[in-house]
Structures are given as structure tokens and as C-alpha cells.
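Reviewing the structure listed below.
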Amino acid sequence: MIEVRYERGVYLPQQNLWLDPWDAKPFAFISHAHNDHVAPHEEIIVSQRTARLLKSRLPGRRIEHILPFGEKRRVHGLDLMLLPAGHIFGSAQCFLFLGNETLLYTGDFKLRPGKSAEQVQWREADTLIMETTFGLSRYRFPPTQQVVDQIVSFCRETIEAGEVPVLLGYSLGKAQEILCSLDGVGLTPMLHGSVYQMTRIYEQLGQSFCKYVRYRANDVAGKVLICPPSANRSHMLERIPRKRVAMISGWAVDPNAVYRYQVDAAFPLSDHADYDDLIRYVDFVRPRRVFTLHGFAAAFACDLRARGVEAWALTEQNQMELHLSAADNALPVDPCAEVSRTAESTQGSFHKQVSDTRSEFLAFAKVGEAIAATPAKLEKIRLLSDYLRELTSEQLPVITTYFTGRAFAQSDPRTLQVGWSVIVRTLQGATKIDDAAFHSIAARHGDTGKTAFEVLDARTTPRPFTIVESRELFESLHRARGPLAKAQLLQDRFSISSAREGQYIVKILTGDLRIGLREGLVEEAIAKAFDVPLDQVKQANMLLGDIGETAALALRNEVHQAQLSLFRPIKCMLATPLPSAESVWQRFVDVGDVDGGSALATQPAIFLEDKFDGIRAQLHRSADRVEIYSRDLRRITGQFPELVDQATNFQEKLIVDGEIIAFEEGRRLTFFDLQKRLGRKSDGEDLFARAAADVPVAFVAFDLLWLNGESLLRTSLRERRARLSEVRLPPQFQIAKVVSARSAAEIEQAFRQARRHLNEGLMIKDPESLYLPGTRGMFWFKLKKELATLDVVVVAAELGHGKRNNVLSDYTFAVRDETTGGLLRIGKAYSGLTDAEIAELTEHFKQNTLADHGRYREVKPDIVLEVAFNSIQPSARHASGLALRFPRIKAIRRDKNVDSIDTLQYAHELAARDAQIQQSVSPEVA
DNA sequence: AGTGTCTGCCCC
DNA sequence: ATTCTGC
DNA sequence: GCAGAATGGGCAGACACT
């Protein structure tokens, strides 16, 4: 077989031929004239048009073997033929005849016909070396004409609105393709200097275009400006006040492209093959083996292997690195640009892979990266299940737990006590990075994991790290007492971790993997990996609260053995929030319910209960033991000793689901009173007395899950309720009253009643529904009270995190103090706005910044928001002395300005009213 | 001893 | 907790 | 419809600092 290597370019050692090398070489094939392919080689093979374009880009002297397309020639004893690649004008593939073997190197290529490039041609070959920039299944481009139509509409609408459309595309290739697309639609393109220059060369070589003009600053009105991406935010464009900028790039199919490129629109017109075309091309060429190059080379090779084609990645790159290197405003504006970064970071990928596998933890991190790189859930599951299958029985539970973003199992009460502060100090300590450099990196990301990656990169000397060692690290972090001791342990590890490993340690520490995969998908991956039924895996995980243990059972094919039993808490059934009684009723009326187990058609009554504002709790009782678990399956028995004490008086062994509320006959108690008890440590008798005396509680039961050895999960709510009503209750235990309703009006009435009783709202349940742990299904609904809203003005804005890293998504807002006329902060909110609105506000706040503190900026108070909330109460958190519970943005009030916002006095009135409502009525339970 | 900062599968 | 988004 | 991500306030505890 022909030997193929990669070292900043493809190299065929037996032929001593380089294919698109980055550095100057004695003898090379140059596929096309993009800048990253231009180096002062001594002797090159090129197509005629590429040779002409090269002349203008790199004038010097060299020996050129200019070959026409489709003719077999001999150069230095090598038989070869160039074929059009369809990528840009003059782009070529290189086909080699090597004894009885053939090899096809595509260079950059495209299958779809372009208007400014030769149509691609191919031949069958034994070895195919292909470019795979878009080698991920999410990169499927819409029909070209459709995209062109969108671009034309964008331009027309922009001009009609009196603004200037600006299209960004690489000056060689993309710009000319855009130009051709605008032919005959009645628009006048205006070309940026570099685009103009390239276009003139095209014309000299025989290509013709529609009428266009060269850029003139005072003549842009009514024209369509075509610029290279680097012109975005340049001086030239900033001089055009009213414009709309669109990026023209295959990357536009990424949903966040608009934010990444900081443009108004993005259209997926590409000069590369999309995923489907890459696959088709392999089918056409029928190779015995494939080498992939650039972009998602590894993922694509993997897909090909799944299709039975022998395939290997020559370069390895993933989306995360792309975003990282791109963060410093040098976004991957063009595939070519990003390819150069790839090559720099890759040196002999085969050797790299070998060294990777020596560090088990790095292998884990890489799987995480691969999962992050694809948005397709099935693909994520596939990647993870393939990996899980390779693990030993010792590694498996650890890794599956990591993939749920935890160091320890859910049911494991151990905590790490390591947060953002410790992580930051540790990263600095391990790398000796100076403050300024660190903060500039951190400010850029707003994501601790990514920050860790960049801070550690090239500042550590990595040593292999096994999975078992990683487990030991987390265990010792838990054992260490105090932030200093923890920081020391962590710092020692960071200093011998690769950047990628450090990033994943941080992700686990912060409990947030951010790879688009959570517990649900991990369960699916386990089911797939070990070929066991998904519902059994879910069931086992629900019962065990331990995904690692679940995976271990799956490996041994024993998942079915897990079952509901005392002192094994299960996740609780959740309710879907709905805005009105009418919408709730519609849900029940609309159900055409065949498989849901509902008999509403014959029994059109639904169950209503008050919704209590307390802590969801599951109580397990046997003859000699009582435990209480929180919604997160945490054991909270110690917090409520008096309930435990009373629960021994039950006659039955049982598991009940309910809510613990602060409650005393004739006293007004709220969730805040209850919360005072929550964090308290439970050691010693005096706590018992004090806690109980401070804030008395009651357990309001509303469901029965298990009774005297029998699981009731698969029986109807009606039946469970009937059984619950027969249970004799000890003091401090109550049963939530349930009533039937047959209309929206009855629901509305019950809701008002619940509010009068100081309760949070109303629960609406399907009486025939089964108990579905951990799911927010269509069987339970909740209706919560709507308080008055406040009109507030935004006074500060902050960059968000993760995918909101580049937008100002976090708003601090204020009310007016009438007595002083000043603005006083009252809260923060993000939720309620769409991405588009956030993008718009981001732009506005950037232009109206009063003081820029990096990620945080004070802004001119001119955006008025209507905010909703569940309650308002005194607090020291904000200057106003008030705080909102569950604040969310209802609307941007464009009709209002800072003079018409609500006052502090009004907010105080609302708070007083809130408190008064609660004072006037005592809560009702049964 | 008093105060401030950080943390929490915190609770909602 | 709430809300939006992509699958 | 679901799962995921990115966000809110308040509280007690633990430790570090003064």
C-alpha cells in the first residue's frame, strides 16, 4: 500500500511528493490558490488558473508544472492527472497512478455546481485522501437556489429599509460565487478592494460577471456591499451607520452562527461539500481506504468505518478547539482560516493518538469533546455507548457518574466543597500565570471549563492519569478539610494535567459538563452499550439513585433486579406548569387518550389539590426505622426529628409522597420560615427542641407509593388516594384535601380558594394516571399565582456563560426612589427573552455603556423591562432593600422610558400587600 | 470574637 | 424555581 | 414533548481574615 503521512501537509514518502503543505518544500501539488496553500516551494504542480492566481498572491520564482484538467502527464517519473475540484476557480484534485494502485487527493472540493468554479469530476481510486471540513451530519446545506433566494431577499429588504446590505465572503472564490448569484436580480454589487482585485483576474481568465462597481465610501446607498469577513467591524464598515451584515459561509448552519460572527444574518452558501456530499463522494470513488483531513476528520472517519469503509483521520480537530482559538475575535470566518489553526496544533496525528491512550482520563475527556461536537442526540448516545463498552468493570461506574456531571453518585451524600473561587486560585497556582493574563482569558470565556483549558494549555507537564486515580482525587478532595487543603490537592493535580484533562476535572467539580448530554442520555447509552431495555435501566437508576451502580448492573445483565423498596428513595413525579385554568381544562379535554391509561372519556372529572409552598419530601417508614428524602433523593431525616418521631406512630410500613410545610394552627408561616431550618446541622438534642420551637412543621401527604410490601407505582392515582385515605395519621401529619372538577370554571374557583388559603396555587391531576417518577408528564399540572408586575429600568448588563458568552444576557434593574429621584437596584433576571431579543439588547447596551468593567458594564438606563415574580420581600441583597422571588422578564417595554418606571414606594406597597395577604388568613390544609 | 466570603447534586 | 431552544 | 442550558433569591455552615 502507498504510504501516507501527515505533517503540516500530506506527504507521500515513496514518491517524495507533498500535497498542499504549509511550509516551503522542494516538490508539491497545490490544489488551489487560497492563501493558506501558498508557500515558496521550489517546484509545484498546479492547474492553469491556479497558476495565474498564485502569480498575484506570491510573485517570486519557482518551477511550475501547469497541467490541464483530465490529461495524464508524467512529472519526475510520476504519472498523474488533475481533475476539477469544484471548490473555487481553478481548484484541482490530484489523481496518481502508482504502479497498479491509484490514489485520489481531493484538496478542498464541492459536488454542487458552482457558478464560478469548474464542475467537479472524479475517478475511482484505491486510496482516497479527502477534505472533511463539514464531516459532521449536522452540516447539511439547504438547496443552493433556496439559499441564494434568501440572500437576495435579505439584500432587497435591507435596501427597502434604507440600509446597506453587506455580504461577507472570502475574497477569492466565495465573493465571486456571491457575485454570480446576484446576476439578473436587479441589485448592484459593490466590491471591496481585495474582492475587486480577484474578480478582475477571473475576468482576465474568461469568466464574466454581472455589472458591479468598486467600493466608494460615499456611494454605498442602494448597493450590495461584498467584503471579506475580515472587514467586519473594520473602520471601513463602521463608517456605514445603517447597515445589515450577513455572513456567507457553510458554518451558517450552526444555530449560533449569528452570534459567533457578530452579524445580523448568516446564510449557508459554501464552497465545500456538505456531509451528504462527502458520503456520496466516497460512494462514487469506491476507495479501499480513506484518509480524512481537516474539520471533523475523526468523526467522519468514524462514520465511514461504521459504513464498512476503512477510514482514518490524518488531522484531528473538534469544535471545542475551534471555538477556543476563535474566541479572541479571530472567529473562523472561513474554513481556510481555521484549517491553518488545525494544522498548527496537529503534529503527526498517529503518534498523538498513541500517547492519548496512555492517559485514561484524557481518553474520557476526548469522548466528552466528541459528544459536545455533535448536537444529534443519537450520535451522542452512540459515541458514549461505544466508549462504555471498552471500559473495565472498575472504570464503568466511575465514568458513567462523571458523565452525569458528578464526582459521586446521586445517592452518595458526599460533597466536595470546591467551587469557583478555589478552582480559580488553583489554576493560577498550578501555572504561575500572571493575573492580567489569567483575567484576560477568564473574561473571554465566562466558562470555568474553557478557562481552565486555555490557562493550562502549554503551561503544565502532563502525566498519564488513570480513571481510578481520578476517583481517588475526588475522594481526597472530599476528605480534605478547608479550602486551603483542597486547593493544594487540586493544584498538584492541575500541574501534571493536560489542558483537556484539567478542563474536564473542572467540569466535574462544577457539576456541569455542558456537552449537551445529561442523565437521560447516559441511561440511553448504557442501555445501548450493554443491550438491555432502556426502561429497565431508567427504572434501576431511579431506584438506586446511582448511575454507576446501574451501569454495573447493566454490564452483568442484572438491571431488572432493582425494585422499589423501603429506604431506596425514588425521584418524584413532577407537574407541568400551565398559565390558566382554561388551558389546564383544554389539556384534559383534548386528550384522545388511548395509551395513557386515562378513562376521562367516561369519567370526565379531574382531581384538584392545593399546591403547598414547602419542601417536597418522601417519607419511608418501617416498623423500626423512618427516613425522609428530599426531591433530590437527599436524606433530610435529620432536619425534621419531630416528624420522624411522630412517623413511628403509623400503623403501616409505607412510602408516602408529600410536602413538608411550616405550619402551626393560627400562625402565619411561609416558605422563608421553613428555609431557616433547612441548612441546620442535625446533631444534639437541643437542636430538636430549638428547631421545632422555632419553626413548627407539618407533613402534608398527597400520594402513597408503597404499602406493606406492595408497590403502588403502577396503580391509578384514584386507587392510591383511596388507599392513602385509609391510613391512620399521627399528629403533625395531614392529607392534602382532594376535590373533583368537571370544568374550567371549577378549576378557576378552586384556584382562587387555594390562594385565599395562602397556598401557592393549584395542582391538577389525572385520577387514572400512574405514578411516573422523575418525569414532568402530561398527567399532573400546576397553576401558580401571578403577582403584579413591575416596570423597571436596566442599569447594568453582564456577559452570560456558555453559549451566551458573547452576549449581554444578564440584566440588573432598578426602580426609582421618589424621594431622591435616584435609581435603586431591585433584582436581576435573564429568563423570558428570546435569543433574538438578547442579541438586540446586547447591541444596544454595547453602544450605551457608561462604565465598562470587562464582563460587567453599567449602562445608560433607557431600556424598560416589565418583570414578573412570585413574591417580593425585604432583602439586603440590593440597594432598594427589596428582592424578588423567581424574577423573569415579561416584556421589553419599548413604549416606556426611564421616566415612567415604577417607584420604590410602589414596590414597597406590593411587598406590604404580599405580607398582608399572608397575615390575614391562616393556611388551610385539609 | 466578630466579620466577610464562599459554598451548596441547597431549597424553591 | 422559570424560560427558551433544538431535536 | 422532551431534554438541555442558562439563569433568579435566601439561607445556614464553614472557614479565613482581622
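Below, chains carry the letters A, B, ... as their sequence lines are ordered, and counting in each starts from 1. On a predicted model such as this, the values are computed, not experimentally measured, just so you know. Computed from heavy atoms alone, side chains included, the values below leave out hydrogens, waters and symmetry copies.
- Proximity of Lys486(A) to the phosphate of dC6(B): no side-chain N or O atom is located under 4.0 Å from OP1 or OP2.
- Closest to the Asp810(A) side chain, of the nucleotides dT7(D), dG8(B), dC11(B), is dT7(D).
- dC11(B) sits 22 Å from dA5(D) when the P atoms are compared, rounded to a whole Å.
- Side-chain proximity of Ser421(A) to dG10(D), dC6(B), dC11(B): nearest is dC6(B).
- Between the side chains of Asp303(A) and Tyr275(A), at least one donor-acceptor pair of N or O atoms lies under 3.5 Å.
- At the heavy-atom level, Leu521(A) lies under 4.0 Å from the strands shown only through sugar-phosphate atoms.
- Side-chain contact check for Phe672(A) versus Gln873(A): some heavy-atom pair is nearer than 4.5 Å.
- Rounded to an integer number of Å, the gap from CD of Glu837(A) to C1' of dT7(D) is 16 Å.
- For dT2(C), one of the phosphate oxygens OP1 or OP2 lies less than 4.0 angstrom from a side-chain nitrogen or oxygen of Lys784(A).
- Here the side chain of Trp420(A) is nearest to one of dT7(B), dC4(C), dG9(D), namely dT7(B).
- Separating the NE2 atom of His478(A) from the P atom of dT7(B) is a distance of 16 Å, rounded to the nearest angstrom.
- Aromatic ring pairs are classed by plane angle as parallel below 30°, tilted from 30° to 60° and perpendicular above 60°; the pair Trp251(A) and Phe134(A) is tilted.
- Residue contacts for Ile889(A): at a heavy-atom cut-off of 4.0 Å it reaches no nucleic acid atom on any strand shown.
- Looking at which nucleotide of DNA chain D each of Lys828(A) and Gly520(A) is closest to, the 5′-most match is held by Gly520(A).
- For the pair His801(A) and dT7(D), the criterion of a side-chain N or O lying under 4.0 Å from OP1 or OP2 is met.
- When Watson-Crick and G-U wobble pairs are counted only if both distances are under 3.5 Å, dG10(D) pairs with dC10(B).
- Comparing dC11(D), dG1(D), dA5(D) by their closest approach to the side chain of Lys676(A) singles out dC11(D).
- Side-chain contact check for Asp810(A) and Tyr856(A): no donor-acceptor pair (N or O, by modelled atom type) lies under 3.5 Å.
- Out of dG9(D), dG10(D), dT2(C), the shortest distance to the side chain of Gln873(A) is found at dG10(D).
- Taking side-chain N and O atoms only, Arg804(A) has no distance below 4.0 Å to OP1 or OP2 of dA6(D).
- Residue Arg677(A) places none of its side-chain N or O atoms closer than 4.0 Å to OP1 or OP2 of dC10(B).
- Summary of the strand contacts: Tyr830(A) and Gln675(A) both lie near DNA chain D, and taking for each the nucleotide with the nearest heavy atom, the more 5' one is attributed to Tyr830(A).
- Heavy atoms of Leu674(A) sit nowhere under 4.0 angstrom from any nucleic acid atom.
- Remark: dT5(C) base-pairs with dA3(D); criterion is Watson-Crick or G-U wobble with both hydrogen-bond distances under 3.5 Å.
- Ile636(A) comes within 4.0 angstrom of sugar-phosphate atoms only, judged by non-hydrogen atoms across all strands, and of no base.
- When all heavy atoms are compared, the tightest approach of Leu669(A) to Phe663(A) is CD1-N, 3.5 Å.
- Nearest nucleotide to the side chain of Arg631(A), out of dC12(B), dG9(D), dC11(D): dC12(B).
- Counting only heavy atoms from C-beta on, Pro887(A) has its side chain closest to dG8(D) among dG8(D), dT7(B), dG10(D).
- Nearest-nucleotide mapping onto DNA chain C: of Leu833(A) and Lys611(A), the residue sitting toward the 5' end is Lys611(A).
- Going from atom OH of Tyr139(A) over to atom P of dC7(C) covers 11 Å, rounded to whole Å.
- Between Ile838(A) atom CD1 and dT7(D) atom C1' there is a gap of 10 Å when expressed in whole angstrom units.
- The aromatic rings of Trp780(A) and Tyr771(A) sit perpendicular, their planes meeting at an angle over 60°, well past the 30° parallel limit.
- Taking only side-chain atoms of Asp512(A), from C-beta outward, the nucleotide of dG8(B), dC11(B), dA6(D) with the closest atom is dA6(D).
- Contact annotation: Thr415(A) does not reach the phosphate of dG8(B) (side-chain N/O to OP1 or OP2, under 4.0 Å).
- Proximity note for Asp613(A) (side chain, C-beta onward) versus dC12(B), dG8(D), dA6(D): the nearest is dC12(B).
- For the residue pair Ser470(A) and Tyr402(A), a side-chain donor N or O sits within less than 3.5 Å of a side-chain acceptor on the partner.
- Under 4.0 angstrom from either OP1 or OP2 of dG9(D) there lies at least one side-chain N or O belonging to Arg877(A).
- In this structure, Arg616(A) reaches the sugar-phosphate backbone alone: every heavy-atom distance under 4.0 Å involves primed, P, OP1 or OP2 atoms, never a base.
- Using a 4.0 Å cut-off, no side-chain N or O of Thr834(A) falls inside it from OP1 or OP2 of dT3(C).
- Candidate nucleotides dG4(D), dA1(C), dA16(D) were compared by shortest atom distance to the side chain of Pro483(A), and dA16(D) ranks first.
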